[in-house]
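A short write-up of the structure that comes next.
Model, not experiment: these values are computed from the prediction. Numbers restart at 1 for each chain; the letters A, B, ... are given by sequence-line order, proteins then strands.
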Amino acid sequence: MPNTDTEVLMAGFGGQGMLLSGKILAYAAMYQGLEVSWLPSYGPEMRGGTANVTVCISEKQVASPYIAQPRALLTMNQPSLEKFGPRVRPGGLIIINSSLVPIKSDRADCRVIYVAANDLAAKVGTGRAANLVMLGVYVGLSGVVDAKVTEKIIEKEFSDKVKFIPANVAAFRAGLEEGVNARATNR
Amino acid sequence: MPNTDTEVLMAGFGGQGMLLSGKILAYAAMYQGLEVSWLPSYGPEMRGGTANVTVCISEKQVASPYIAQPRALLTMNQPSLEKFGPRVRPGGLIIINSSLVPIKSDRADCRVIYVAANDLAAKVGTGRAANLVMLGVYVGLSGVVDAKVTEKIIEKEFSDKVKFIPANVAAFRAGLEEGVNARATNR
Amino acid sequence: MAKVLMKGNEAIGEAAIRAGCVHFFGYPITPQSEVPEYLAKRLPEVGGKFVQAESEVAASNMIYGAAGVGVRVLTTSSSPGISLMSEALSYIAACELPVVVVNVMRSGPGLGGILPAQSDYLHATKGTAHGDFKMIVLAPASVQEAVNLVILAFELAEKYLNPVMVIGDGMIGQMMEPVEFPVEGVGKPLDPGNWALTGCKGRGKRIINSLYLDPEICYRHNLKLTAKYEEIRKAEQRFDTYNTDGPYDLLVTAFGMTSRIARTAIDELAQEGQRVALFRPITLNPFPYEALRAAASKAKRVLDLEMNMGQMLQDVRMALGPDAAIDFFGTAGGVVPSPDQCREKMLESISKTGSRPKAKGARRNP
Amino acid sequence: MAKVLMKGNEAIGEAAIRAGCVHFFGYPITPQSEVPEYLAKRLPEVGGKFVQAESEVAASNMIYGAAGVGVRVLTTSSSPGISLMSEALSYIAACELPVVVVNVMRSGPGLGGILPAQSDYLHATKGTAHGDFKMIVLAPASVQEAVNLVILAFELAEKYLNPVMVIGDGMIGQMMEPVEFPVEGVGKPLDPGNWALTGCKGRGKRIINSLYLDPEICYRHNLKLTAKYEEIRKAEQRFDTYNTDGPYDLLVTAFGMTSRIARTAIDELAQEGQRVALFRPITLNPFPYEALRAAASKAKRVLDLEMNMGQMLQDVRMALGPDAAIDFFGTAGGVVPSPDQCREKMLESISKTGSRPKAKGARRNP
Amino acid sequence: MPKIEISVERCKGCERCNDACPAKILGMTQKLNARGYSYAQVNDRRKCLGCRLCAINCPDLAIEVFAEGTTYEFFHY
Amino acid sequence: MPKIEISVERCKGCERCNDACPAKILGMTQKLNARGYSYAQVNDRRKCLGCRLCAINCPDLAIEVFAEGTTYEFFHY
Amino acid sequence: MRKVFASTAGLTDRPTHYCPGCTHGIIHRMVGEVIEDLGIRERTVGIAPVGCSVLAYEYFNCDMFEASHGRAPAVATGAKRARPDIIVFSYQGDGDLASIGMGEIIHTANRGEKVTVIFVNNAIYGMTGGQLAPTTMPGQYSTTTPRGRDVRDCGYPVKMAEIIAQLTTPAFVARGSTHTPREIIATKALIKKAFEYQVAGTCFSLVEVLSICPTNWGLSVRESEKWLEREMLPYYPLGVKKRPEDFAEVSADAKH
Amino acid sequence: MRKVFASTAGLTDRPTHYCPGCTHGIIHRMVGEVIEDLGIRERTVGIAPVGCSVLAYEYFNCDMFEASHGRAPAVATGAKRARPDIIVFSYQGDGDLASIGMGEIIHTANRGEKVTVIFVNNAIYGMTGGQLAPTTMPGQYSTTTPRGRDVRDCGYPVKMAEIIAQLTTPAFVARGSTHTPREIIATKALIKKAFEYQVAGTCFSLVEVLSICPTNWGLSVRESEKWLEREMLPYYPLGVKKRPEDFAEVSADAKH
Ligand SMILES: Cc1ncc(C[n+]2csc(CCOP(=O)(O)OP(=O)(O)O)c2C)c(N)n1
Ligand SMILES: Cc1ncc(C[n+]2csc(CCOP(=O)(O)OP(=O)(O)O)c2C)c(N)n1
Ligand code: SF4
Ligand code: SF4
Ligand code: SF4
Ligand code: SF4
Ligand code: SF4
Ligand code: SF4
Ligand SMILES: [Mg+2]
Ligand SMILES: [Mg+2]
């Protein structure tokens, strides 16, 4: 059994759904019997700011839910990459939505993956599900949670907006595939 | 020079002027270079209750202005005599306004003086100045402050109601005389 | 019941309901507004009452009214709002009414900021308001514990007829963690005992009052309250320790979420062979002075970590005396100390003791 | 100037005027209502402003506004009213504005009674409100000292740009004693410095604010305040001692009027050959911990006397440590301890030390 | 015949009953009660109308009113 | 000829200027500004009346209005 | 002989601490009588304020709260929401209700809490010794307006009944007085109506009652009554200010 | 070319943090322009509330206070009494002024403090995320009335301009709106009048301004303007509610 202890920081503009992706990840881990915490940034009610969440997953009770140096960063916008990129732990993982982030990460000591999440999401359904592409990539790459369980959680999360389920599941799967491939290919 | 350190409790119904008598005594002592404190009872704003004040006089700074066992009690009504009579220090002094207090004190270990203060005051001016008769008796008996100084203070206190000065001074003098006599006669 | 993933604020609301509390009066303020929002939805579903008060002053007097007629009642707020409840809390304590108040702390002083802080420790534990009274103060370190302590808070409030405050920082209100709730209705209906104002049918009239014009009676009332606090002090001290089984050089004191950040640092240091233990008071009042003293007696030094400028530090000093070797590290203003910062401060403290690390890897880092 | 006999409350009002403070905002409450009443008469005579606020909440925010535009300002109240000022005091401290607040304490908790008490010690010194801030707290023991400390309060408030509280019990407000006032206008006009809002003519705009959304900035602000409190702690401790010259077996700690009652008992005991000394903190915050420790080191035992259920006792413990031999006697509810009661408690404490009285009459009883 | 009874101990001597009485039959004693108040008294019992106005105007519930036979309540009180 | 100038960076894309313009000459860009908002633009400069209503209706002081020669201020703003 | 006027079961038989002639006593009695008349004593909870009537909890013969200064309406809200079956009333002075408690009374009225408020307007702070009240008359002496209320400094007296009456939420609001038996009779009817609306669960109700304070007005009882009539009545007109029946439903239903 | 509309010296040139379309920005601008027009910038002290406009102290280009929630009128009182020569205004939301700050605003108005209050009524708590305000419309959704404001539970919205206007103390009180350029123009005139009365030392002045909150109303900017017009205007009628000129001296001089 892999050591699943990890911390993921998911960041984007408010409304891009990274808090939801984080929640799905946390739920999936919880359903697998792991301990989790989900800690959002809650800034002053400034409009149009960035929103981010730190998800911690551990076999024992999560100690600090507040993580200065996460093991993984999923980012949907440039400000977040600039702010949090340098903080990722050496040897960590950075997943960048290249549909929206025009720049590259300069972290040579991390694994950096670029995914055109919006384009991919649009292709399989709707660009609005880019957050789930990102989640899929992470799940595929890290194997930290089971993909099937995660899909179930996605379905549950959208249970009162059933019509959005297919596009979101499809986006997750598209990301998952990218992630699994990336895992197989490198390192 | 006599040891002037003492504490006097002056008590009556609200409006009978014992707080004022206390103030005059305190002022007189202060003018003679003594240290003083004047501490009124301030109960809840119940109407028609009793009012009392403790005056402490000392050559050094007054320590506690709150005195459980005063050396002297001047009382204008029965409830006060009942309440405070037992508290007077053994060997102390109790002056009772017999115009208004129908009962006697049972303190054999104190000097007890009965003065028909209202009658005396009425005789020399107005019954309303009974409080100054009481003060006069005390001053005459104890010699704690100078009578002339005290008269000056009385005049000052009534300086915005000049017409009341003569009656009040007369009442004080009437009391003083009683006090001086009592001092001479007994003990 | 299965675990659910829930925001601290919502879990607090749900915990109250599970404790049998279906009356809420409160006023919005970040970072706790999800409590009233959650209860505004939930309470009508369970036959309860939700009232948005016009202010915290009003809210705190509404809970006085509701508790006085014998129902279980909750209010929640955050730092400035809690300050506004000071007077009413003094009345509630004086009248010996059971209420639960949750403070999801933000940074101060003044308007400060809305980010996490622990800077209401002293207001909660020492000087809530005028007069001699004390609240019981409980400090959870996880969403699950917040749920448990809210339920406990109602129990203690009713056992001692005293206000109980549950005090957490903004993080605990905003984060999600898995929680398990006890079965619905753990709380039996509140027993209106011989004090609640329920209408005097079939009995003499009752009075809920804190005015005692006769000083002797007021004194006696104070003595009675003081005796109760003494009873609470003896019976209700709660704390948690970590790594205290083996020997340790440094004892860290921390409450609430700060203790979890400290734990991460302690675990990391353990891997480096450093022996650090943690003492976490759960009841900030009554503070577990003796237990802390016992734990500290095994350490060469104590490091107090807080998200404030040194408030619990006063109790740590009180427990250990003016000569004890106590270091302090605190952040404020919404700055959350990172595990690395804590680690560094621990190392600094250890270096002052002159201890050397034991064999690396002696303890596993979870 | 010659001495005058004056009620404490009126003397407090006059002292403010002599300090150059001609602005008052407050709300009536017994036993301090003579302060506003006196100032309602006096302030218009000296070109000042008297406003009866609609509440203590409003009053405390009015002094915030008045201090913010750079005038010397006073409010006074009594216990429950002071609790209602909690939030605003946190704002005032956060914004570093100089205000003076007088608390003429009555008994609590809740509505309590109107008679003298000292039970707001902890609210004043420890937990006035949310956030990390401290007031300077001064405790007079006579009407003359009340006058002096009110004047000092304005000086300290302006020196440190911090709220200062003068705290006395109902006795000090209600009693008359001879007082001497310094010549009119000791206070130079308040220097509006570089912070007061006077209109931005000829300079950039100014802001008086306690909101810091950026946690780092809010943290720095807290550190700045903490540094100021540290400076105050070092520079401003004040205390008084009595009978500490010779040897003594018992050290009594007491503040405000209680210390005078204790003095009567000490003098009486001296006549019986008992050696008792008195330590009276004048600054309740910063508390003179070291000085107390030094004084206590010469005694076998300490007896803390207060008109509350043991509030300053916490600071006495903090100074002397958990193992120190400290006795406590407190009254509450408006009961003033009598010199005899104090004497008895002192004898009890002395008996625990095993000391015997020295030759009777060693010290003269004044 | 209607009549009133005045409680000596409850009366505080405010004279409001005196003013209220349409028959003008009330007055005050010279004597003081235990609390030191001169208290109200009926000067001419036979003229009492039983109108209750004295009792209605009394702040201290010091007056009770009694009547016999049919009474006409012109005002409900 | 009157004209307006729109500050790209101040504009938040609320479209209130569009609605206010009596000449109906304003529209929104497809491009986003640095803060991510689609911003207002003038579609037909020549028809601008210089009436200032767009600027008056703008919550963000993003519009300045310029005019030449005599202007008639029908409303004082 | 039949007693046609006697003490009421709504009050305990404890003599009050009020000054001679103080009409607090009459207002107490009226409330007590109404509670008796309506047969609600055993399900009524009263709330005493901080003011001269702070000890009202001793006088009303039903379950009683003592509230903090000005907050009785908030206490009433908490009590009534928690137990809608009880009858809740507060009894408050003008300092209590109109000064420090202004926010609470307006919001309690505006929420339409089904409680009854008896508001005693004596144009002064009685208990604390005669300071300015929001209802003190222009020119009137108080210990904090030693030169008389200067309206340029303190503004004009507040008319609470009118302020509350003007809120949209349905309510029963009225003003009565105590300076003559005639007004006492009329006022009792208003107080009864106020409680009846609560018993029926209809609406919030408030009766402002003009009251004398001979002690702090520095007048005899008789002079006080005259002063009330001459100075207060023109400014504080008596009568019903608002009835729930007059309410025209605001059709608005602003869902969006 | 002449600039016939440009930024005002009454505001700093810092862009605001308000949501797109939020009319707080327009109200700021109007106040800033009036301050500039009247030439009082260098002797004006403004007071920001707690609410979305908490940062108003950054935007107004004059000395500024940040007050505690609801207490801006008390701060204004303290400032103005201490320095009668400065011009003092507060800028407050409906939660701030009409809920927690109800007591302070009424008493400040009633004392006739010579200050100006700009009251932004957007029928919601903007800053804290859309909770019920005292001014929220019947049926309107808020996060603390998830089923819409139920008037049986929360009562009807409070009409602050009308409440203040009804106090006896002379004042200038008016209500404007921001949903069309026409109303903005009219409202600016009201705000100017309000400040003018203060400059002349005449009286207290308050302008209530209806404002939109697209974010918490859950509507587009355009829908919000329509909703304001359709739902709020009938309930909150615009116009001048009270002028000091209309004051008929209350002759009372109740010395006794
Ligand atoms: C918080 C608080 N502030 C002030 C007081 C002091 N206080 C007691 S009663 C009172 C005013 C009483 O006046 P009013 O309400 O008019 O009642 P009345 O005595 O005239 O009947 C005040 C200010 C208090 N007890 N608590
Ligand atoms: C004492 C206190 N209580 C509550 C809060 C939280 N709070 C901040 S703003 C606000 C309400 C804002 O609404 P409003 O006044 O209508 O302004 P808007 O944001 O709508 O402009 C509240 C309740 C606070 N900061 N302080
Ligand atoms: S009942 Fe009427 S007539 Fe008889 S005493 Fe009373 S007031 Fe006079
Ligand atoms: S009205 Fe009542 S209290 Fe007053 S004098 Fe008559 S009986 Fe006595
Ligand atoms: S100034 Fe008038 S016409 Fe020109 S763009 Fe603006 S609104 Fe349109
Ligand atoms: S009104 Fe202003 S902010 Fe809105 S779109 Fe037009 S220019 Fe941009
Ligand atoms: S002080 Fe006034 S209100 Fe209070 S009891 Fe006396 S007369 Fe009545
Ligand atoms: S939340 Fe509402 S009031 Fe606040 S800035 Fe956004 S639109 Fe404006
Ligand atoms: Mg009154
Ligand atoms: Mg709003």
message: Can you tell me which portion of Ala67(D) sits under 4.5 Å from chain H's heavy atoms? Options are side chain, backbone, both or neither.
response: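 Contact with chain H is absent: no heavy atom of Ala67(D) under 4.5 Å.
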- prompt: Which answer fits Ile63(D), side chain, backbone, both or neither, if we ask what part of it has an atom under 4.5 Å from a heavy atom of chain H?
  reply: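 Contact with chain H is absent: no heavy atom of Ile63(D) under 4.5 Å.
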Give every donor-acceptor pair between chain D and chain H closer than 3.5 Å, one pair per line, or write none.
{"unit_1": "Lys49(D)", "atom_1": "NZ", "unit_2": "Arg81(H)", "atom_2": "O", "d": "3.2"}
{"unit_1": "Glu54(D)", "atom_1": "OE1", "unit_2": "Arg111(H)", "atom_2": "NH1", "d": "2.8"}
{"unit_1": "Asn61(D)", "atom_1": "OD1", "unit_2": "Ser68(H)", "atom_2": "OG", "d": "3.0"}
{"unit_1": "Tyr64(D)", "atom_1": "OH", "unit_2": "Glu66(H)", "atom_2": "O", "d": "2.4"}
{"unit_1": "Val69(D)", "atom_1": "O", "unit_2": "Arg83(H)", "atom_2": "NE", "d": "2.5"}
{"unit_1": "Val69(D)", "atom_1": "O", "unit_2": "Arg83(H)", "atom_2": "NH2", "d": "3.0"}
{"unit_1": "Thr198(D)", "atom_1": "N", "unit_2": "Asp63(H)", "atom_2": "OD2", "d": "3.1"}
{"unit_1": "Gly199(D)", "atom_1": "N", "unit_2": "Asp63(H)", "atom_2": "OD2", "d": "3.1"}
{"unit_1": "Cys200(D)", "atom_1": "N", "unit_2": "Glu42(H)", "atom_2": "O", "d": "3.1"}
{"unit_1": "Lys201(D)", "atom_1": "N", "unit_2": "Glu42(H)", "atom_2": "O", "d": "3.3"}
{"unit_1": "Arg203(D)", "atom_1": "NH1", "unit_2": "Asp63(H)", "atom_2": "OD1", "d": "2.9"}
{"unit_1": "Arg203(D)", "atom_1": "NH1", "unit_2": "Asp63(H)", "atom_2": "OD2", "d": "3.3"}
{"unit_1": "Arg203(D)", "atom_1": "NH2", "unit_2": "Asp63(H)", "atom_2": "OD2", "d": "2.6"}
{"unit_1": "Lys205(D)", "atom_1": "NZ", "unit_2": "Tyr57(H)", "atom_2": "O", "d": "2.4"}
{"unit_1": "Lys205(D)", "atom_1": "NZ", "unit_2": "Phe60(H)", "atom_2": "O", "d": "2.6"}
{"unit_1": "Arg206(D)", "atom_1": "N", "unit_2": "Asp63(H)", "atom_2": "OD1", "d": "2.8"}
{"unit_1": "Arg206(D)", "atom_1": "O", "unit_2": "Met64(H)", "atom_2": "N", "d": "2.9"}
{"unit_1": "Ile208(D)", "atom_1": "N", "unit_2": "Met64(H)", "atom_2": "O", "d": "2.8"}
{"unit_1": "Ile208(D)", "atom_1": "O", "unit_2": "Glu66(H)", "atom_2": "N", "d": "2.8"}
{"unit_1": "Asn209(D)", "atom_1": "ND2", "unit_2": "Tyr57(H)", "atom_2": "OH", "d": "3.2"}

Residue pair Ala58(D) / Ala74(H): nearest heavy atoms and the distance that separates them: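 Taking Ala58(D) first and Ala74(H) second, the nearest heavy atoms are O-CB, 3.6 Å.
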- prompt: With a 4.5 angstrom heavy-atom cut-off, which part of Pro73(H) approaches chain D: side chain, backbone, both or neither?
  reply: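 Contact with chain D: none, neither part.
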- prompt: Less than 4.5 Å apart, any side-chain heavy atom of Ile207(D) and any of Phe65(H)?
  reply: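 Answer no - side chains too far apart.
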message: When you compare the side chain of Val88(H) with that of Val69(D), does any pair of heavy atoms fall below 4.5 Å?
response: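 The answer is no, as the side chains (C-beta and beyond) never meet within the 4.5 Å cut-off.
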